[in-house]
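Single-structure report; data block below.
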Amino acid sequence: MPRENSSLWFLEKRAEDTPMVMKTKTLILGSGPAGYTAAIYAARANLSPLLLKGLQPGGQLTITTDVENYPGFPEGIQGPEMMERFENQAARFGTEILPDTATEVDLSKRPFVVKTNLGNEFHCETLIISTGASANYLGLENEQKLQGRGVSACATCDGFFFKDKDVCIVGGGDSACEEALYLTHHASKVHMLVRRDQFRASKIMQKRVFDNPKIEVQWNTSVVDVLDPAEGKVTALKLRNNKTGEEFLQKTDGLFLAIGHTPNTELFKGVLECDDKGYLKTKPNRTATSIEGVFACGDVQDPFYRQAITAAGTGCMAAIEVEKFLE
C-alpha cells in the first residue's frame, strides 16, 4: 500500500487487502538498473513515480555475483547488494515501489491503464517500460543452480573472473564469436561448442575466431549437463557428439551461454512497434516509443550493449523525456 505521504491517489477506494485502482503521473515497469534510475530521476523531478518490480525484482544483476565494472565501486560489489542500493535510493526520493507484475496494458488513450497479477489497476499519464531481456539458457537443472558460480550469459560482465582459466562457450552466431574473442583477453583457452558443423556468424567473425590461437572450435557438440562434484562451482561438462551420439566429460572452469536473449515484450506485441527480434523500437538517440507518452529504456530496447551502466543511462534519458513531455 502507498505510504501516508504518498502523492498517489485512489480512483476507487476498496477494502483493506483487496485490489486497488490508482492514478499516478509516471508508472515504471521493471526494477533493474534502467527502471530504478528512471525512478530516481523522475522522483527528483517531482513526478511522483510508481514502480512495479515485475517477475525478476532487481533484474539480471540479482543472479550476478561480483560486479567490478560499474563506476564508483573500485572494490567491486555483489549484484544483489547493488540492486538493493538502487532500490533504497529510489525509495529515498519518494518512489512508490510495489511487488506487482504487469499482465495487461491499454495504451489506446491517456491515461494509460495497466493491470497486474495482484488484481491492481494503475492509470498513468506516462509509462516507462524497463522490463529488460532474458538470456536464453539450455534448460539444464545444474545450469540454473550454478549461475554466478561458473555459468554466465555475459562474457563482458564475468570474463575477468576467468583469468588464465579454461572456459567453454555455447553458440555459433556473431554474438558467440564476439564473446569468445572477448574471453581470450582473460582465459587461457576458449572452447566454442557449436551444435552444427558450421557457424551462423558472418565470414569476417569466423575468420577472427579461426585466426585466434586461444580458441578451439568443437563442431557437432551439445551440452548434456554441467558438473559440480560437491564443489559448488563448474568443474566439467558432459558433452555429446551430435554425429556419433557419443557422450564424454570435458573439464572446464566456466560455461558461457551466447545463444541469444529474449526481450520481455510479450505484453506489448501488436501494441508498440518492435524490431524483428521483439525489442521495442525507440526514436533515434531517444527513449520515446511509437506511442506518445510511452518510453522504453534498458535491455528491453537494447539488443547491442546489454550492460548495467548503459541501461542506467537510458533510464535517466527516459525520466528526462517524461519530464519534458509532461511539461
Side-chain angles (χ1 to χ4, degrees), residues 2 6-14 18-32 34-35 38-39 41-43 45-56 95-134 262-303 311 314-315 317-327:
S6 171
S7 56
L8 292 170
W9 53 278
F10 291 95
L11 291 179
E12 181 181 335
K13 189 68 175 177
R14 301 186 182 183
T18 60
M20 303 173 292
V21 179
M22 294 180 291
K23 181 178 180 179
T24 183
K25 288 181 182 177
T26 303
L27 182 65
I28 302 169
L29 306 182
S31 54
Y41 274 79
N46 295 320
L47 299 182
S48 309
L50 186 148
L51 182 146
L52 306 185
K53 285 188 172 184
L55 284 173
Q56 188 177 9
T95 303
E96 295 286 351
I97 301 172
L98 297 177
D100 300 46
T101 298
T103 57
E104 185 179 340
V105 296
D106 181 356
L107 307 182
S108 60
K109 62 182 183 299
R110 295 174 60 214
F112 307 124
V113 178
V114 176
K115 297 181 180 180
T116 76
N117 61 322
L118 300 182
N120 296 319
E121 186 174 304
F122 300 95
H123 296 209
C124 56
E125 293 300 315
T126 55
L127 178 66
I128 296 177
I129 302 167
S130 55
T131 49
S134 301
T262 300
N264 300 319
T265 55
E266 188 66 33
L267 193 60
F268 308 103
K269 287 183 177 176
V271 179
L272 291 169
E273 189 175 354
C274 299
D275 67 13
D276 57 356
K277 294 182 179 178
Y279 289 88
L280 292 180
K281 282 189 175 182
T282 55
K283 294 181 180 179
N285 304 314
R286 297 273 303 280
T287 64
T289 69
S290 55
I291 293 181
E292 286 193 358
V294 180
F295 304 84
C297 55
D299 289 6
V300 76
Q301 54 84 56
D302 172 24
T314 56
M317 291 165 61
I320 291 173
E321 287 192 66
V322 163
E323 181 182 8
K324 293 185 180 299
F325 176 83
L326 290 173
E327 286 177 352

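Being a predicted model, the structure only gives us computed values, none of them experimental. Note: hydrogens, waters and symmetry copies are ignored here, and every other heavy atom, side chains too, is used.
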Tightest non-hydrogen contact, residues Ser130 and Gly35, listed as OG-CA, 3.2 Å
Partners passing salt bridge (charged side-chain N to carboxylate O under 4.0 Å, His left out) against Lys115 (at least two apart in sequence or in another chain)
none
Which heavy atom of Leu267 sits nearest to which heavy atom of Glu104, and what is that distance?
CD1-N, 3.6 Å
Any residue meeting side-chain contact (heavy atoms from CB on, under 4.5 Å) with Asp106, in chain and number order, not counting sequence neighbours:
Ser108, Lys109, Val113
Between Gly293 and Phe112, the two heavy atoms sitting closest are O-CE1, 3.6 Å
Mind checking what makes side chain to side chain donor-acceptor pair (under 3.5 Å) contact with Thr314, not counting sequence neighbours?
none
With sequence neighbours excluded, tell me which residues meet side chain to side chain donor-acceptor pair (under 3.5 Å) with Thr101.
none
Trace of the side chain to side chain contact (heavy atoms under 4.5 Å, CB included) decision for Leu29 with Phe268:
CA-CA 12 Å; Leu29 306 182; Phe268 308 103; 3.9 Å; yes
Per side chain to side chain contact (heavy atoms under 4.5 Å, CB included), Leu272 is matched among Leu107, Thr282, Thr265 by Leu107
Should we count OH of Tyr41 as having more than 12 external heavy atoms under 6.0 Å?
no
With sequence neighbours excluded, residues passing side-chain contact (heavy atoms from CB on, under 4.5 Å) with Arg286
Lys283, Ala288, Glu321
dist Leu27:CG -> Leu47:CG (nearest 0.5 Å) comes out at 12.5 Å
Residues forming a side chain to side chain donor-acceptor pair (under 3.5 Å) with Thr289, sequence neighbours excluded:
none
Between the OG1 atom in Thr116 and the CZ atom in Phe122, the distance rounded to the nearest 0.5 Å is 5.5 Å
Can you tell me how far the CG atom of Leu50 sits from the CD1 atom of Ile128, to the nearest 0.5 Å?
11.5 Å
At their closest point, which heavy atom of Gly298 faces which heavy atom of Ala34, and how far apart are they?
CA-CB, 3.7 Å
Do side-chain atoms of Asp100 reach the backbone of Leu52 as a donor and acceptor pair under 3.5 angstrom?
no
Between Lys25 and Asn46, which heavy-atom pair has the shortest distance, and what is it?
NZ-O, 3.8 Å
Between the CD atom in Glu121 and the CE atom in Met22, the distance rounded to the nearest 0.5 Å is 10.5 Å
Show every salt bridge (Lys or Arg N to Asp or Glu O under 4.0 Å) that has at least one partner inside residues 264-274, sequence neighbours left out.
Glu266-Lys269, Glu273-Lys281
For Ser134, what residues pass the side chain to side chain donor-acceptor pair (under 3.5 Å) criterion, not counting sequence neighbours?
Asn264
In this structure, OG1 of Thr262 is separated from NZ of Lys277 (nearest 0.5 Å) by 11.0 Å
How would you list all residue pairs meeting salt bridge (Lys or Arg N to Asp or Glu O under 4.0 Å) that involve residues 292-301, not counting sequence neighbours?
none
Pairing residues for Ala39 by the side-chain contact (heavy atoms from CB on, under 4.5 Å) criterion, not counting sequence neighbours:
Ile28, Leu51, Ala90, Thr95
Donor-acceptor check, side chain of Ser31 to backbone of Lys53, threshold 3.5 angstrom: yes or no?
yes
Name all residues meeting the salt bridge (charged side-chain N to carboxylate O under 4.0 Å, His left out) criterion together with Glu323; count only those two or more places apart in sequence or in a different chain, and write none if there are none.
none
Hey, does the side chain of Thr26 reach the backbone of Cys124 with a donor-acceptor pair shorter than 3.5 angstrom?
no
Using the side-chain contact (heavy atoms from CB on, under 4.5 Å) criterion, which residues pair with Cys274? Sequence neighbours excluded.
Leu280
